Amino acid sequence: MEYSFTEIEKKWQDKWKAGQVYRVKNNSPKPKYYALDMFPYPSGIGLHVGHPLGYIASDIFARFKRLKGFNVLHPMGYDAFGLPAEQYALDHGVHPAESTRQNIKNFRDQLDRIGFCFDWSRQVNTAEPDFYKWTQWIFLQLFNSWYNRTEKKACPIESLAKHFETGGSSIVSAYRHQPEFSAADWKGFSEKKQQDILMEYRLAYCGIGEVNWCEALGTVLANDEVINGVSERGGYPVVKKKLRQWYLRITEYADRLLEGLEKVEFSEAMKEMQANWIGKSHGAEIDFEIAPHPDHLRKSTEGLSKLRVYTTRPDTIFGVDFMVVAPEHELVPSFTTAPQQPAVDEYLTYVKSRSERERIAEKKITGCFTGSYALNPFNGRRIPVWVSEYVLAGYGTGAIMAVPCSDERDYKFAQHFHIPVTNIIGAHYNGKEANPTKDALLEDSDFLNGLPMQDAIALVNARIESMGIGTTRVNYKMRDAAFSRQRYWGEPFPIVWKNGIACALDEEELPLLLPEVKEYKPGPDGEGPLANIPEWTSKHLETSTMPGYAGSSWYFLRYMDPHNTEEFCNRKASDYWGQVDLYIGGTEHAVGHLLYSRMWTKFLFDRGYIGFDEPFRKLLNQGMIQGSSRFVYRVSPAMFGHDTIAMNGIKDLPQIFISKGIITLLNKGDQLRKDGPSTAEMISEAIQEIKKEGPSQIEMIKDAIQIILSQKFPLFQLIENVEIEYQPLHVDVNLVDGVELNIGLFINSKEEFKSAYFILEDGTIWPKIGIENQLSSDDPVPDYFSKTLNFRKTFSPLEKLRSIYICGAETEKMSKSKFNTVNPNELVEKYGADTFRMYEMFLGPVEQSKPWDTKGIEGVHRFLRKLWRLFYDDSKGRLWTTETASHDELKVLHKTIKKIDEDTERLSFNTAVSAMMIAVNELGDLKCHKKEVLEKILILLTPYAPHICEELWHGLGNENTILDAIYPFAEQKYLLQSEKQYPVAINGKTRTELNISLDATQQQVEELVLSDQKVRKWLDGKSPKKVIYVKNKMINIVV
RNA sequence: GCCCAGAUGGCGGAAUUGGUAGACGCGCCAGACUCAAAAUCUGGUAUUCGCAAGGAUGUGCAGGUUCAAUUCCUGUUCUGGGCACCA
């Protein structure tokens, strides 16, 4: 009996499907476990091998937990709204719903082949009305809530209105409305005014924000779509534009999002990233008077008398050498003096064309003096006020006091514009770079002189407060989340505008369906495509749609109760399932999706809709699988001369490809030099060699090209004295084995490659032509080729020179255009789903990024066949027996149980797979075919390779499914050992090994060790200073 | 630029708490079986010196702490991810 995986996998997938074995109920006497994947965006490219990495991990864990007696929720769905579908619609006129449906079908088909244990009856799709109805509903709850800072929770907006009626704005602690108003004021306000005020308090509110505006495309662009200040599509100019936008007041949750990190099992790196994103800082806002200037009288002087800055280092106030305001700062126009006007205007125009990313990342220092001076409140010193793009309007007050001696960016700015630096930290400042220390004793700092900076902070804060020129302040780097998109393919806002007031639709009116459109072009004035629909605009419905992260902020709750038409999720269901116990997905969601979903969860908790306020108990970040692209190097037609090409037409150009090693050689090793010093050294030596003979070697390559041309392409000729030129072309990785090109596949892959010629790694030509044709295998290699061979040997002494074509390799993001995507379907067809699953796990730790490489998959496949052969022989049939297992066999079994159990539990799947291989190897060596042992091995393996295990399980005579087998436990008696082979080191270097009983005492060990022959030899008569004996680890003798 | 992570043989990786560096797999080499191939099996495989026994070196780079460092600390280089409208 052979292991015919195709048959077996089909058989069990069908049976499992028919038996609905993965259905899970919302009640069970078993403890619950919720294992969740970040659901995919169903892109048109389909699933590539990177996607299933996390899914396989969660699938293994879900199956593992089920075997261990849990009621496991393991669902899957689609995050179906998104830009690519809309872009596809724009380009091809296909409705996003249609292309998305297609893509989902394709995804589902691909997923099914891998044999996941998803409960598909719970599938969600964020773009389906029965799902987004509830996204809209939750949005309305946010819209109808405000954040009560006293109670530290979200409360209904009606309660806020009541507060205003009774006590005005000052009795609530909340996001603060300016200016304050009394209860009487409130009652006197018009409805519009009241609503405008309430809007500012809502957790989902409408405001004005800046967007990347591309006039030519008539649309708003994501930062992602802007490259070097122009649109990615078309390369049109992009400027900032102010637009009305919806926001989520996530900043009100900043502290709770920060504190919540202590309650969850995220990696420290992840917590740090989130904490940095939230960016809580303690500092002070300080007012600086602006020195009067004749120009100021000319302009409106309102608000001009002072400039408010935010600083985390008030202690450095005597080191302020200049002020910087953001280009968008509202006071820039009034600060600018007449002589500086042209320069400032020019600068502002420049900044307007810059994306925020560029502004922060650019190493180039830019800025412009406004002409105004601020006055240091403590000593009246005149401080020039500059405007620069490195200060962002959205953070703090949009203005900073620059202290070049203690801040790196301020220092570089001062250097660049020749602003003198005041040193207030004495020897801590070396005059060459800023020192952000907090430990220095302050100098030249008036009343702070001699104080440690650390202590001065409080003193300055007290002083500014008593002077009434400032206040301490907690600030967050995090900004409110922009929640609207000027796009079509997203959830419509359930909002109607009546006389400029945003009104919520009634719950009965949900879902507000996304209407059909004829075109997906943007609407007028930066509005979305919905603004092009008269029936929509005539109802005064909001024309923006919600962003991609709306649906993904709560989808994990919907899985708990996916078909509920009355509620987004019944409280009983969410109480039963509770938090996601294990959430698996990529780090790229570290600060987006994970923060938003955490906020939504906290909000729903505040309003009593769910009973927990952190969605994910434990997070595992899977690494990104990168594509490893392969290149072939085509001799550039330019070498044959443009005239010749024009004469012969472009179609039938000779296709000549040069192998990588020779290309490297032509590059004089530049590429390989990067590989590391040892290789680099080696290469540089080789280069020296090559240089001696270099020109003639290059001539040889040219000769080879000339031979091909003259014999096969007589119309072409090499230009005299031409340099060798070549073009790297991406070659489909599926045509390459490792780095060796499969020439046969390659030439058949494209019409133009049919008559290609290859100069191979050893310098020979394929197909064989010219002089080689006249040689029999016994003839000596002609001089020309032997020279080439020698020359290649000096270049790369480690490599075997062979007659093969070696491709160039580079690691890049997987993408269709780079031909480096690998479709799991092909691998599943060739090796089976079980092999594919195990191979993805065997690649390395789940959380580690790595380039994809298929070449090791054979090993895993071999392992499964080896396992099969413990049960059946290909010709003899059944091997397994019901004999009683020996002690050695049981030792292997129980050691393996312990290892697999522990490794799976700690999500170390790659080492579990290798432990499995060791077990099968050892059982093979022991010729163990005993059911008693094999049956338990199958249970250990079934989470990883469910199909083969189910088949063999039934082969052993079991009637029930292995899915619900009882997980074996490791018995101590087979694991205990009485002695251990200790490594014995002398001065830290291992010199020998000794078998010593595990319960030996220090003294016994010392005696044993020191009497050992080898040890004595190494001691060489000297007496040891110390013998270190670490039980169960090692022994070290210090001489 | 800022934040986070990573770097170990020809390759993917192992070493869970500072304690034998290179488990397991790929590749490669040699052998067995075979008319041959595939499949399978056996042995070898970090580098270097050595016939061998054995020695030296070795976890990106430069230092440090320690009886002992892939692991901890300082600095540094390179690669990957994120940086707010891609998902």
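Because only heavy atoms are used, hydrogens play no part in the values below, and waters and symmetry mates are left out as well, while side chains stay in. First the proteins, then the strands, lettered A, B, ... as listed; each starts at 1. The model shown is predicted, which means the values in this text are computed figures rather than measured ones.
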If you check every side-chain atom of [X], which of [options] has the closest atom?
X	options	answer
Ser914(A)	C24(B), A84(B), C85(B)	C24(B)
Glu993(A)	U20(B), C26(B), C85(B)	U20(B)
Pro983(A)	G13(B), U20(B), G25(B)	U20(B)
Pro84(A)	C41(B), A84(B), A87(B)	A87(B)
Asp79(A)	A87(B), G25(B), G13(B)	A87(B)
Val220(A)	A56(B), C85(B), C4(B)	C85(B)
Ile918(A)	A87(B), C26(B), A23(B)	A23(B)
Val211(A)	G13(B), U40(B), C85(B)	C85(B)
Arg869(A)	A14(B), C85(B), U40(B)	U40(B)

Mind running salt bridge (Lys or Arg N to Asp or Glu O under 4.0 Å) on Glu922(A) and Lys895(A) for me, showing each step along the way?
-> CA-CA 11 Å; Glu922(A) 287 178 356; Lys895(A) 181 184 78 182; 3.0 Å; yes

Report yes if the side chains of [X] and [Y] come closer than 4.5 Å at any heavy-atom pair, otherwise no.
X	Y	value
Thr911(A)	Val913(A)	no
Ile625(A)	Ser849(A)	no
Tyr390(A)	Asp410(A)	yes

Identify the two heavy atoms, one from Gln486(A) and one from Pro529(A), that lie closest to each other, and give their separation to 0.1 Å.
-> O-CD, 3.9 Å

Nearest-angstrom distance from the residue atom CD of Glu847(A) to P of G6(B) = 10 Å

Interatomic distance, Ile900(A) CD1 vs A14(B) P [rounded to whole Å] = 15 Å

Just name whichever nucleotide pairs with [N], Watson-Crick or G-U, keeping both distances under 3.5 Å, else none.
N	answer
U59(B)	none
U42(B)	A30(B)
A87(B)	none
U65(B)	none
G6(B)	C78(B)
C35(B)	none
A53(B)	none
A15(B)	none

Which part of the nucleic acid, if any, lies within contact of Pro40(A), taking any heavy atom under 4.0 Å across all strands shown: a base, the sugar-phosphate backbone alone, or nothing?
-> nothing

May I ask you to say what Lys1025(A) touches in the nucleic acid, namely base, sugar-phosphate or nothing, with a heavy-atom cut-off under 4.0 Å?
-> nothing

Centroid-centroid distance, Tyr549(A) to His593(A), less than 6.0 Å | no

Under 6.0 Å between ring centres, would you say that holds for Tyr555(A) and Phe39(A)?
-> yes

Any side-chain N or O of Lys989(A) less than 4.0 Å from the OP1 or OP2 oxygen of A56(B)?
-> no

In B/S/- notation (B base, S sugar-phosphate only, - none; protein heavy atoms under 4.0 Å), nucleotides 63-73 of chain B written 5' to 3' is ----BS-----

Torsion-based syn/anti label for G54(B), 90° from 0 as limit | anti

Contacts under 3.5 Å, N or O only, protein and nucleotides 15-18 of chain B:
{"unit_1": "U16(B)", "atom_1": "N3", "unit_2": "Arg906(A)", "atom_2": "NH2", "d": "3.4"}
{"unit_1": "U16(B)", "atom_1": "O4", "unit_2": "Lys899(A)", "atom_2": "NZ", "d": "2.8"}

Under 3.5 Å, which N/O atoms of the protein pair with N/O atoms of nucleotides 80-82 of chain B?
{"unit_1": "G80(B)", "atom_1": "O2'", "unit_2": "Gln626(A)", "atom_2": "NE2", "d": "3.2"}

Should the heavy atoms of other residues, nucleotides or ligands under 6.0 Å from NZ of Lys898(A) be counted, would the total exceed 12?
-> no

